[in-house]
Amino acid sequence: MNLKKSIVNVALMSLITLAAVPAFAGAHGVMVGSAEMVASKTIVENASASDELAVLVAAVTAAGLVDTLQGDGPFTVLAPTNAAFAKLPAGTVDTLLKPENIGTLRTILTCHVVAAKAMAADVIKMATDNGGMAKVGTVGGCMLTAKYSNEQVTFTDENGNVATVTIADVPQKNGVIHVIDTVLLPKS
């Protein structure tokens, strides 16, 4: 086995081990903000419990995507935190939440959803198998570039915005959430 594959295997096993720790530590889930994410709950149920994802939940509700994200899935949601939304220009979130902008809001939100369950190890393997990066299509029609470098997973949108995964592999009944630090946007 060559050195590169050995390093990748160690990194994958480390991620898998770290993701499994909460399952064995008294059956507690991963914490996102002040809320424990429970694997038996849906994406919307868990996100609604987290103070760190309040803006995302408000946006999902305004866009009429609650029923979709409570569905069977599986879904991978790249979940921007409140701080990620705060990086947008002043007034952007308020403008997007207006009824006349729901179509745009829905497109932005679905650019954070992949119609499959992709754990961090899956993303790392895809990127590693393709020279360090891989294209990922979203439900909203966006093409993201997943990268694995310096022990971090990032997603870059078609405008060059880079979101770093800050909490990976948050298990859900209908998929997985990866918490990210930047809102990804459709091609402008």
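Just so it is clear, the structure is predicted and the values come from calculations on it, not from any experiment.
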**Q.** Spatial distance of atom CD1 (Ile167) from atom CE (Met31) [nearest 0.5 Å]
**A.** 9.5 Å
Taking only distance into account, with no hydrogens and no angle test, what donor-acceptor pairs under 3.5 Å do side-chain atoms of residues 59-73 form with protein atoms, sequence neighbours excluded?
from	atom 1	to	atom 2	distance (Å)
Thr61	OG1	Val57	O	2.8

Q. Does atom CD of Glu100 have more than 12 heavy-atom neighbours from other groups under 6.0 Å away?
A. yes
Donor-acceptor list for residues 129-137 side chains, cut-off 3.5 Å, not counting sequence neighbours:
from	atom 1	to	atom 2	distance (Å)
Asp129	OD2	Lys125	NZ	2.6
Asn130	ND2	Met126	O	2.7
Lys135	NZ	Thr145	OG1	3.0

**Q.** Between CG on residue Leu78 and OG1 on residue Thr138, distance to nearest 0.5 Å
**A.** 9.0 Å
Q. Are Asp169 and Val30 side-chain neighbours, meaning at least one heavy-atom pair lies under 4.5 Å?
A. no
**Q.** side chain to side chain donor-acceptor pair (under 3.5 Å) partners of residues 74-96, not counting sequence neighbours, each pair once
**A.** Lys87-Thr182
**Q.** For the student: nearest non-hydrogen atoms of Ile177 and Ala79, plus distance
**A.** CG2-CB, 3.6 Å
Q: Run the numbers on His112 and Val183 for side-chain contact (heavy atoms from CB on, under 4.5 Å), then give the verdict.
A: CA-CA 8 Å; His112 291 81; Val183 176; 3.9 Å; yes
(Q) Could you work out, with side-chain contact (heavy atoms from CB on, under 4.5 Å) as the rule, every residue matching Glu158, not counting sequence neighbours? (A) Cys142, Met143, Lys187
Q. With distance as the sole test, does Asn161 use its side chain to make a donor-acceptor pair with the main-chain N or O of Leu184 at under 3.5 Å?
A. no
Can you give the donor-acceptor pairs under 3.5 Å from side chains of residues 45-55 to other protein atoms, not counting sequence neighbours?
from	atom 1	to	atom 2	distance (Å)
Glu45	OE1	Thr42	N	2.7
Glu45	OE1	Thr42	OG1	3.4
Asn46	OD1	Val38	N	2.9
Asn46	ND2	Val38	O	2.8
Asn46	ND2	Gln172	OE1	2.8
Ser48	OG	Val44	O	2.8
Ser50	OG	Val32	O	2.8
Ser50	OG	Glu52	N	3.2
Asp51	OD1	Ser34	N	3.0
Asp51	OD1	Ser34	OG	3.4
Asp51	OD2	Ser34	OG	3.4

Q: For Leu56 and Phe85, run side-chain contact (heavy atoms from CB on, under 4.5 Å): C-alpha distance rounded to whole Å, both residues' side-chain angles, the deciding distance at 0.1 Å, then the answer.
A: CA-CA 8 Å; Leu56 175 62; Phe85 281 101; 3.9 Å; yes
Q: Under the side-chain contact (heavy atoms from CB on, under 4.5 Å) rule, collect the residues that match up with Val139, sequence neighbours excluded.
A: Thr110, Val113, Ala115
Q. Could you give the distance from OH (Tyr148) to OG1 (Thr154), rounded to the nearest 0.5 Å?
A. 11.5 Å
Q) Looking at side-chain heavy atoms only, is the closest gap between His178 and Val77 below 4.5 Å? A) no
Q.
To the nearest 0.5 Å, what is the distance between CD on Gln152 and CD1 on Ile124?
A. 11.0 Å
Q.
Under a plain distance cut-off of 3.5 Å, with no hydrogens placed, do Asn159 and Ser188 share a side-chain donor-acceptor pair?
A. yes
Q) Which atom names give the shortest non-hydrogen contact between Thr107 and Gly140, and what distance separates them? A) CG2-O, 4.3 Å
